[in-house]
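One structure below.
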Amino acid sequence: MTADVQAPPATQQTFDSLSPVTGDVVGTWPVHSAEDVQDAVERAREGAAWWSSLTFDERAERLTAWAGVMTRRVAQLADVVHQETGKPHSDATLEAALALDHIAWAAKHARKVLGRHKVSSGLLMANQAATVEYRPLGVVGVIGPWNYPVFTPLGSIAYALAAGNAVVFKPSELTPGVGYWLAATFGEVVPEHAVFQVVTGLGETGAALCRAGVDKLAFTGSTGTGKKVMAACAETLTPVVIEAGGKDAVLVDEDADLDAAADATLWGACGNAGQTCIGVERVYVHDSVYDEFLSLLVEKGRDLRAEDSPDTKIGPITMPSQLEVISSHIRDALDKGGKAVLGGLSAVGDRYVQPTILVDVPEESTAVQEETFGPTVTVTRVRDMDEAVAKANGTRYGLGSTVFSKARGMELAERIRSGMTAVNGVITFAAIPSLPFGGVGDSGFGRIHGPDGLKEFTYAKAIARQRFKPVLALTSFTRTAKADGQLAQIITMLHGRGSTLQK
Ligand code: NDP
């Protein structure tokens, strides 16, 4: 490996990470056992005690220093990402840049969002001073996927750290080198204690992390694995954040900028070879602009090739088993009466999949209902935007979505059941650190990013402090009939004027 990462001890069982471009071994990594994971969590406890004792500003200083180290070595990080996922260097650099922005935001805003602040104590408790603050949970376990091995796990890690937690991170078995790189650079700026550690291995190592006594588990991956994670965490009432799959739709209205919509659709569907949780997988286009939109999309897609070349814009499919899923969705779409106007079954090669645009695909096809995770997209004609909204809302998922419309962007965005919507852009919400990121339905629950993402890794601590003796002693057996009468008067004054509901 070109990156300076920690090598595994010689006695341990190991596994290899492979280049999806060549199949060559990129690195050899330890398979951490349940005992190893438990040890890491124990070490993290000490790290958490120390890290949480620092002030927000002290933690922010370290996180900012970490972002500085990562920025200066971003080419090295992009190289590790490229080797393990196959994605083009430029995409790996973009991913790292966006993640850096999140680290900086979390560091800068943690005090304001989480620090102690006063809240109103209300008339009945006017003698109390009420405050709330958000305390770190302790040790947070993070399980990450391979498709964005920097951006995605850091969406949990950076926010958990900024909130004062220690982190034990289990990266995907396809991208362990990226995980080590992140932890090694953090260790350079926080050498005192085990505040951010990595454990590697296969699914069992992730399962062990769920059972290792962490105070919260942040999972990003497929819906199926998310269910297993939740079940394992339920045994110990360990709370979870589940960031799972998606089947994101683009809505194209009759007044949309069609060129921009086609450009965004193509990038959203085929960028990172379609292996994006918030990637575009379906498009619903208003009848009056359908033909023009489709011809623009096909025209732009024709020039795009996935190949093994230094200037390619689309890399290989990182996880070989996904090739069969992509083929099966295309096959199902064609079997059910759909047509490929670009690509098709022959677009699926041994390592690369060429852009594929499918039309006339029935809504019940797996190509419309299930996450394909390849550079494919279905384009469907709708008579109006009501039908577009209904169809967009017609899957079990609800992660991201996109609307292209000049007049009705906000209105349509509000009607889509998804955690995030981009209007007249695509995937833009993920790059805005102050916006929460997450889904509904089979896309999971809980939020990373933004103030919600910081609070996700904390518990609310409420304190009511008596400032002076109460005029009305309500919380005492010494409460008198006179006090009861005064209470009745106060509540009548406060709430008695609410009008009765008319039938
Ligand atoms: P997987 O669900 O296969 O794996 C995710 C992680 O879980 C990996 O680290 C994996 O380890 C680990 N794991 C596997 N089995 C278990 C288990 N029994 N207990 C605990 N952990 C386990 O997802 P992928 O890595 O294939 O990632 C792609 C998926 O991630 C897609 O569905 C995509 O939509 C989703 N995703 C969601 C995002 C979001 O924010 N909503 C963002 C990015 C991706 P190992 O790799 O070793 O098997």
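Atoms within a ligand are numbered from 1 in the order they appear, just like the ligands themselves.
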>> For a side-chain hydrogen bond (donor to acceptor under 3.5 Å, both in side chains) check, start with the C-alpha distance between Ser222 and Thr225, then their side-chain angles and the critical distance, and finish with the verdict.
In response: CA-CA 5 Å; Ser222 62; Thr225 310; 3.0 Å; yes
> Asp16 and Thr28: side-chain hydrogen bond (donor to acceptor under 3.5 Å, both in side chains), yes or no, with the steps?
Replying inline: CA-CA 4 Å; Asp16 295 333; Thr28 300; 2.9 Å; yes
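Scanning the protein for heavy atoms near atom 46 (O) of ligand 1, the closest one is Glu173 N, 3.0 Å. Taking atom 42 (C) of ligand 1 as the reference point, the nearest protein heavy-atom neighbour is Cys277 SG, 2.7 Å. Regarding atom 3 (O) of ligand 1, its nearest protein heavy-atom neighbour is Thr225 OG1, 3.9 Å. Looking only at heavy atoms of the protein, atom 28 (C) of ligand 1 is closest to Phe373 CE2, 3.8 Å. Summary of contacts: the protein heavy atom closest to atom 40 (O) of ligand 1 is Phe437 CE2, 3.1 Å. When only non-hydrogen protein atoms are considered, atom 8 (C) of ligand 1 lies nearest to Gly144 O, 3.3 Å. Among all non-hydrogen protein atoms, the one lying nearest atom 24 (P) of ligand 1 is Trp146 NE1, 3.3 Å. For atom 17 (C) of ligand 1, the closest non-hydrogen atom on the protein side is Gly203 O, 3.7 Å.
With Arg282 contributing its side chain and Ala392 its backbone, the two residues share a donor-acceptor pair below 3.5 Å.
Listed by atom number, the atoms of ligand 1 under 4.0 Å from Leu202 heavy atoms are 47 (O). Each of the atoms 37 (C), 38 (C), 39 (C), 41 (N) of ligand 1 lies under 4.0 Å from some heavy atom of Ala244. Residue-ligand proximity, Asn147 to ligand 1, at heavy-atom distances under 4.0 Å covers atoms 43 (C), 44 (C).
With distances taken over non-hydrogen atoms, the option nearest atom 29 (C) of ligand 1 out of Pro171, Gly221, Pro153 is Gly221. Around atom 20 (C) of ligand 1, the closest heavy atom drawn from Gly201, Gly226, Ala208, Gly206 belongs to Gly206.
Ion pairing between Glu235 and Arg211 holds under the 4.0 Å rule for side-chain N and carboxylate O.
Counting only heavy atoms from C-beta outward, the side chains of Thr372 and Lys247 approach each other to under 4.5 Å. With a 4.5 Å cut-off on side-chain heavy atoms, Leu98 and Leu94 count as touching.
Under the 6.0 Å cut-off for aromatic ring centres, Phe151 and His102 qualify, their centroids lying closer than that.
Relative to the ring axis of Tyr134, Lys455 places its NZ or CZ within 45° and under 6.0 Å from the centre. Under the 6.0 Å distance and 45° angle rule, Lys87 counts as a cation-pi partner of Tyr148.
Ring planes of Phe429 and Phe437: tilted class, angle from 30 to 60°.
At least one heavy atom of Leu399 sits closer than 4.0 Å to an atom of ligand 1.
Taking any N or O of Ser222, backbone or side chain, at least one lies under 3.5 Å from an N or O belonging to ligand 1. The shortest N or O to N or O distance between Glu371 and ligand 1 is under 3.5 Å. Checking only distances, Thr152 never comes within under 3.5 Å of ligand 1, N or O to N or O.
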